[in-house]
There are 2 protein chains.
Amino acid sequence: MDVRWLDDHERAAWVRLAAVLELLPGVLDAQLRRDAGLTHFEYFVLAMLSESPEGALRMSALAAQTNATLPRLSHVVRKLSDRGLVRRSAAPGDARATDVALTEEGWTKIRETAPGHVAQVRRHVVDALTPAQIDQLAGIAEAILGRIDPDRRFAANLRES
Amino acid sequence: MDVRWLDDHERAAWVRLAAVLELLPGVLDAQLRRDAGLTHFEYFVLAMLSESPEGALRMSALAAQTNATLPRLSHVVRKLSDRGLVRRSAAPGDARATDVALTEEGWTKIRETAPGHVAQVRRHVVDALTPAQIDQLAGIAEAILGRIDPDRRFAANLRES
DNA sequence: TCCTGATAGTTGTATCAACAACTTATCCCG
DNA sequence: CGGGATAAGTTGTTGATACAACTATCAGGA
């Protein structure tokens, strides 16, 4: 088995990407925990709901949009429900299914939280790049997604405010 | 508080980057768990050791290079030690400190594991990009790191083969 | 010398995510 | 109109990480 190792350019790029992969999630998570008492994943769940018509989604649809397994989502939704941010209701027409909807407090929470999160994204990512780099980044990430998520189960309708 | 929301270009780039942030670690982790029974973090620990002179490092130095807290590293090293991949020894000259070194089995493990991991990185990242994009990516990641890790505590001596 | 503060690590606890097992309901085909 | 197969969620258990508390050692100054 002979290995195609990375050349200098490739390694420089990968090493830096790996560092971003390691550090950036922690930075975003920390701000949300501190300022809103939310995990990044919990924030993302609320955000996806807020962008759906009526602020409600079927559990399995929500799981697909957030790239979560159903068990994971179930636990998280239960806790969000305990905190009064979402409400669960039996889905009309299919007795197996459950619909999740933002409560009034949930709407308030996401409206209050989004600006700080966007500011964080701006500070640490968007504003660090030139307009040309922004477009390059879109192309690069798109190309990588073509490999790791070929049928766009996840990234399809992503729209983080 | 008026918010500077993201425009279309910015959002396109961020949404895709966020998707990569969400999916890529899982892909890399899965391959290592399946083929080597190692967490990505455990692999990274072994890799950092393998690139140090003598294959040994002080605990705190290893923690810095892997961006881990000392408690986290302590737990992981204990388990790697139980599996016979590393050995802990009192550091000469400072009775507080601990040196961690790869065992012969540890060397074997990292040599066997590296090719598959590099292949994975190639398949999902490097080979998805043009040479121009490789260089763009290095620049973009570098710029982001300038914001999230200004004094390069982490990315300094990163050298993932 | 001795005392204070800082450094290096370990251990224990609570939180979060992955996986497996289970319940209930729906679909579809004979 | 059964009945097996699939789908939707929930619950329980395990493994992993963050955080806090603790022990032991070193460094430096009164």
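In what follows, chains are A, B, ... by sequence order, proteins preceding strands, each numbered from 1.
- In this entry the distance linking CG of B:Leu38 with C1' of D:dG15 reads 15 Å, nearest Å.
- In this entry the distance linking CG of A:Leu70 with C1' of C:dT24 reads 14 Å, nearest Å.
- Of the listed nucleotides (D:dA20, D:dT10, D:dT17), D:dT17 has the atom at the smallest distance from the side chain of B:Thr39.
- Comment: A:Arg16 does not engage B:Asp149 in a salt bridge, judged by the lack of any side-chain N to carboxylate O separation of less than 4.0 angstrom.
- The side chain of B:Lys79 has D:dA16 as its nearest neighbour among D:dA16, C:dT10, D:dT17.
- For B:Arg87, the CZ atom counts as loosely surrounded, since its 6.0 Å shell holds 12 or fewer non-hydrogen atoms of other residues, nucleotides or ligands.
- Annotation: of the two residues near DNA chain C, A:Val76 and B:Arg78, the 5′-most nearest-nucleotide partner is B:Arg78.
- Donor-acceptor pairing under 3.5 Å, judged by distance alone, is absent between the side chain of A:Arg96 and the base of C:dT26.
- For B:Arg72, taking side-chain heavy atoms from C-beta onward, the closest of the listed nucleotides D:dA18, C:dA8, C:dT10 is D:dA18.
- Comparing A:Arg33 and A:Asp99 against DNA chain D, the residue whose closest nucleotide sits nearer the 5' end is A:Asp99.
- Taking atom CZ of B:Phe41 as the reference point, atom C1' of D:dA18 lies 13 Å away to the nearest angstrom.
- A salt bridge is absent between B:Glu105 and B:Arg83; no separation between the charged side-chain nitrogens and carboxylate oxygens falls under 4.0 Å.
- With B:Tyr43 as the aromatic partner, B:Arg33 does not meet the cation-pi criteria of under 6.0 angstrom to the ring centre and within 45 degrees of the ring axis.
- Rounded to whole angstrom, the span from the CG atom of B:Asp82 across to the P atom of C:dT11 amounts to 11 Å.
- Residue B:Arg58 contributes atom CZ, which lies 11 Å from atom P of D:dC26 at whole-angstrom precision.
- Comparing atom distances between the A:Asp94 side chain and each of D:dT10, C:dT26, C:dT10 picks out C:dT26 as nearest.
- Across the protein-nucleic acid pair, A:Glu22 atom CD and D:dT17 atom C1' stand 12 Å apart, rounded to whole Å.
- When the P atom of D:dT17 is taken as reference, atom CG of A:Leu23 falls 15 Å away, rounded to whole Å.
- Among the nucleotides D:dT11, C:dG12, C:dT15, the one closest to the side chain of B:His75 is C:dG12.
- Distances shorter than 4.0 Å separate some side-chain N or O of B:Ser60 from OP1 or OP2 on C:dG9.
- Picking from C:dT10, C:dA25, D:dG9 the nucleotide with the shortest atom distance to the side chain of A:Ala95 gives C:dA25.
- The nucleotide whose nearest atom lies closest to any side-chain atom of A:Met59 is, among C:dT15, D:dT10, D:dT17, D:dT10.
- What separates CG of A:Leu62 from P of D:dT10 is a distance of 11 Å, to the nearest Å.
- Proximity of A:Leu62 to A:Ser52: side-chain heavy atoms (C-beta onward) are nowhere separated by under 4.5 Å.
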